[in-house]
J.: 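Pasting a structure below so you can have a look.
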Amino acid sequence: MNIEITEKNGVKLAHVTNDTVVLKDVWSALDLVIMVRGKARVKNFTISKDLIAPELFDRATGFAEKIQAKLQKFGMRCAIYGDFSEFKDQAFVDFLDNCNRGDTLFFVPDREIGAERLSISLL
């Protein structure tokens with residue numbers, strides 16, 4: 001896993017990249033939070049939808065809510081970027097909308113918009 005640190009509007013951001021899926025379950029999410037928060041010393045990060053197991057996007061698993069809870073617990077914020085138009089499940093679409101109105105987890109079309117969103121929020 002690679003973590004690139006940048007700064008936007010005076011806010012430090014981590015951009016997580018990798019060749020394979022990084023978020024597979026709650027434990028890997030916790031590992032990622034520890035990596036970004038502990039080693040990179042950053043509380044805001046972006047990650048591609050392609051680096052997340054498809055289960056995250058299935059509301060029945062509760063994975064997305066668990067990830068959101070971990071982020072909140074550790075004072076972290078994340079922007080997941082990618083094309084979310086493929087998701088037609090209304091419950092998941094509502095979840096995305098609710099997240100995008102909050103200040104912990106965002107679903108955005110690209111990394112730059114994610115970085116902008118994380119850099120201007122009030123948290």
J.: Could you measure the distance from the NZ atom of Lys70 to the CD1 atom of Ile67? Nearest 0.5 Å is fine.
T.: 8.5 Å
J.: Is any side-chain heavy atom of Phe45 less than 4.5 Å from a side-chain heavy atom of Leu13?
T.: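 They are not in side-chain contact.
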J.: Once you round to the nearest 0.5 Å, how far does CG of Asp110 lie from OG1 of Thr46?
T.: 10.0 Å
J.: Are side-chain heavy atoms of Ile47 and Leu32 found at a separation under 4.5 Å?
T.: yes
J.: Measure across Glu55 and Thr61 and return the closest heavy-atom pair with its distance rounded to 0.1 Å.
T.: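 Between these two residues, the closest heavy atoms are O-OG1, 2.9 Å.
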J.: So which heavy atom on Ala14 is nearest to which on Ile3, and how close?
T.: CB-CG2, 3.6 Å
J.: Please identify which of these residues, Leu118, Ile80, Ile113, Leu96, meets the side chain to side chain contact (heavy atoms under 4.5 Å, CB included) condition with Phe106.
T.: Leu118
J.: Would you say Asp25's side chain and Trp27's backbone share a donor-acceptor pair under 3.5 angstrom?
T.: yes
J.: Ignoring hydrogens and geometry, is there a side-chain-to-backbone donor-acceptor pair from Lys43 to Arg37 under 3.5 Å?
T.: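 Such a contact is absent between Lys43 side chain and Arg37 backbone.
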J.: Hey, is Glu112 close enough to Arg117 for a salt bridge, meaning N to O under 4.0 Å?
T.: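 Here Glu112 does not pair with Arg117 in a salt bridge, since their nearest N and O are not under 4.0 Å apart.
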J.: Passes side-chain contact (heavy atoms from CB on, under 4.5 Å), Val93 versus Asp89? Steps please.
T.: CA-CA 6 Å; Val93 171; Asp89 176 61; 5.9 Å; no
J.: For Glu65, is there an ion pair with Arg59 - N to carboxylate O distance below 4.0 angstrom?
T.: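 Answer for the salt bridge query: yes.
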J.: Taking all non-hydrogen atoms of both residues, which atom of Val22 and which atom of Met1 are closest, and how far apart?
T.: CG1-SD, 3.8 Å
J.: So do Val36 and Met76 actually touch side chain to side chain, heavy atoms under 4.5 Å?
T.: yes
J.: Output the distance between atom OG (Ser119) and atom NZ (Lys12), rounded to the nearest 0.5 Å.
T.: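 Between atom OG of Ser119 and atom NZ of Lys12 there are 15.0 Å.
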J.: Mind checking whether Phe107 and Phe95 have parallel, tilted or perpendicular rings, split at 30° and 60°?
T.: perpendicular
J.: Please check if Ile34 and Leu51 belong to a single hydrophobic cluster, counting links between Ile, Leu, Val, Met, Phe, Trp and Tyr side chain heavy atoms closer than 4.5 Å.
T.: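 The answer is yes; both residues are in one hydrophobic cluster.
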J.: Of all heavy-atom pairs between Thr104 and Leu71, which one has the smallest distance, and what is that distance?
T.: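 Between these two residues, the closest heavy atoms are CG2-CB, 3.5 Å.
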J.: Return the minimal non-hydrogen interatomic distance between Ala40 and Ile5, and the atom names on each side.
T.: CB-CD1, 3.7 Å
J.: Hey, mind stepping through Phe57 and Phe84 against side-chain contact (heavy atoms from CB on, under 4.5 Å) and telling me if it holds?
T.: CA-CA 10 Å; Phe57 306 106; Phe84 298 98; 3.8 Å; yes
J.: Where is the tightest heavy-atom contact between Ala79 and Val108, given as atom of each residue plus distance?
T.: CB-CG2, 4.3 Å
J.: Should Val26 and Ile52 be counted in the same cluster of Ile, Leu, Val, Met, Phe, Trp and Tyr side chains packed under 4.5 Å apart?
T.: yes
J.: Just by distance, with hydrogens left out, do Asp31 and Ser28 show a side-chain donor and acceptor under 3.5 Å apart?
T.: no
J.: Determine whether His15 and Thr6 satisfy the following criterion, side-chain contact (heavy atoms from CB on, under 4.5 Å), listing intermediate values before the conclusion.
T.: CA-CA 8 Å; His15 303 285; Thr6 63; 2.8 Å; yes
J.: Does NZ belonging to Lys8 count more than 12 external heavy atoms closer than 6.0 Å?
T.: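 Correct, the count exceeds 12.
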J.: Got a salt bridge between Arg111 and Glu4, using NZ or NE/NH1/NH2 to carboxylate O under 4.0 Å?
T.: yes
J.: As an exercise, state the distance from SG of Cys99 to CG of Leu105, rounded to the nearest 0.5 Å.
T.: 4.5 Å
J.: Looking at NZ of Lys49 and OH of Tyr81, how far apart are the two atoms once the value is rounded to the nearest 0.5 Å?
T.: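 The OH atom of Tyr81 is 12.0 Å from NZ of Lys49, to the nearest 0.5 Å.
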